[in-house]
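Working notes for the structure below.
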Amino acid sequence: MYVISLLGMSKVIQAPIYKIWEWLDAFKGYIPTKTMDQITYFEIEAIDVLIFIKEKLEEEYDLMEIRELLGKKSFA
């Protein structure tokens, strides 16, 4: 399993770290993470999920609408 750090994720999806933490809090069940030595890392699949969340927020979807879309979408 490959993982990416919060800083790495921030650079890949071009979003500030504080925003990613907000999204992680709001969409915890949809963003695959792994905790090692009390540090949260993101599984590679999380890139697609976070890009999707970022795009939908830019399109002004609200959090409930995004959760609904995430429930219907497959990122495999």
Side-chain angles (χ1 to χ4, degrees):
M1 173 190 336
Y2 294 101
V3 294
I4 187 170
S5 69
L6 179 61
L7 179 60
M9 183 64 77
S10 174
K11 290 180 180 184
V12 168
I13 67 168
Q14 298 179 351
I17 291 173
Y18 77 91
K19 279 292 182 194
I20 296 173
W21 274 119
E22 287 176 12
W23 300 340
L24 184 59
D25 187 46
F27 304 105
K28 189 174 293 257
Y30 301 101
I31 303 170
T33 60
K34 176 93 173 152
T35 303
M36 296 184 297
D37 297 325
Q38 298 179 341
I39 299 172
T40 300
Y41 293 94
F42 296 89
E43 295 180 24
I44 294 300
E45 297 81 16
I47 293 170
D48 294 330
V49 177
L50 288 168
I51 288 172
F52 180 81
I53 291 169
K54 179 182 175 189
E55 288 172 353
K56 294 305 172 195
L57 287 169
E58 288 171 352
E59 294 171 12
E60 298 184 6
Y61 282 72
D62 67 33
L63 298 181
M64 290 303 293
E65 290 173 318
I66 296 171
R67 280 190 197 101
E68 198 173 300
L69 292 171
L70 284 168
K72 296 176 184 176
K73 188 158 177 65
S74 173
F75 292 95

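None of these values were measured; they are calculated from a predicted model. What's counted below: heavy atoms across the whole structure, side chains too, no hydrogens, waters or symmetry copies.
- Linking ILVMFWY side-chain heavy atoms closer than 4.5 Å, directly or via other members, places Y18 and I20 in two distinct hydrophobic clusters.
- Under a cut-off of 6.0 angstrom, the local environment of CD in E60 is sparse, with at most 12 non-hydrogen atoms contributed by other residues, nucleotides or ligands.
- Between T33 and V3, the closest side-chain pair of non-hydrogen atoms is not below 4.5 Å.
- The main-chain N or O of Y30 is never found under 3.5 Å from a side-chain atom of R67 such that the two would form a donor-acceptor pair.
- Contact record, L24 with I31: CA-CD1, 3.8 Å, taken as the closest heavy-atom pair.
- Between the CD1 atom in I17 and the NZ atom in K11 there is a gap of 9.0 Å [rounded to 0.5 Å].
- Distance check: Q38 CD to T35 OG1 gives 9.5 Å after rounding to the nearest 0.5 Å.
- When all heavy atoms of Y41 and M36 are compared, the closest pair comes out as CD1-CE, 3.6 Å.
- Between the CD atom in E65 and the CD atom in E59 there is a gap of 10.5 Å [rounded to 0.5 Å].
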TODO: Kindly indicate, with the supporting measurements, whether the criterion side chain to side chain contact (heavy atoms under 4.5 Å, CB included) is fulfilled by L63 and F27.
DONE: CA-CA 9 Å; L63 298 181; F27 304 105; 3.5 Å; yes
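- Within the model, atoms CE of M9 and CD1 of I44 stand 7.0 Å from one another, a figure rounded to the nearest 0.5 Å.
- Residues I13 and W23 meet the side-chain proximity criterion, which asks for heavy atoms closer than 4.5 Å.
- When hydrophobic clusters are built by joining Ile, Leu, Val, Met, Phe, Trp and Tyr residues whose side-chain heavy atoms come closer than 4.5 Å, directly or via intermediates, V49 is not grouped with M64.
- Formation of a donor-acceptor pair under 3.5 Å by the K19 side chain with backbone atoms of K54 is not found in this model.
- Under a cut-off of 6.0 angstrom, the local environment of CD in E58 is crowded, with over 12 non-hydrogen atoms contributed by other residues, nucleotides or ligands.
- In this structure, CG in D48 is found 11.0 Å from CD1 in I53, a value given to the nearest 0.5 Å.
- Considering all non-hydrogen atoms of both residues, A15 and S10 come closest at O-OG, 2.5 Å.
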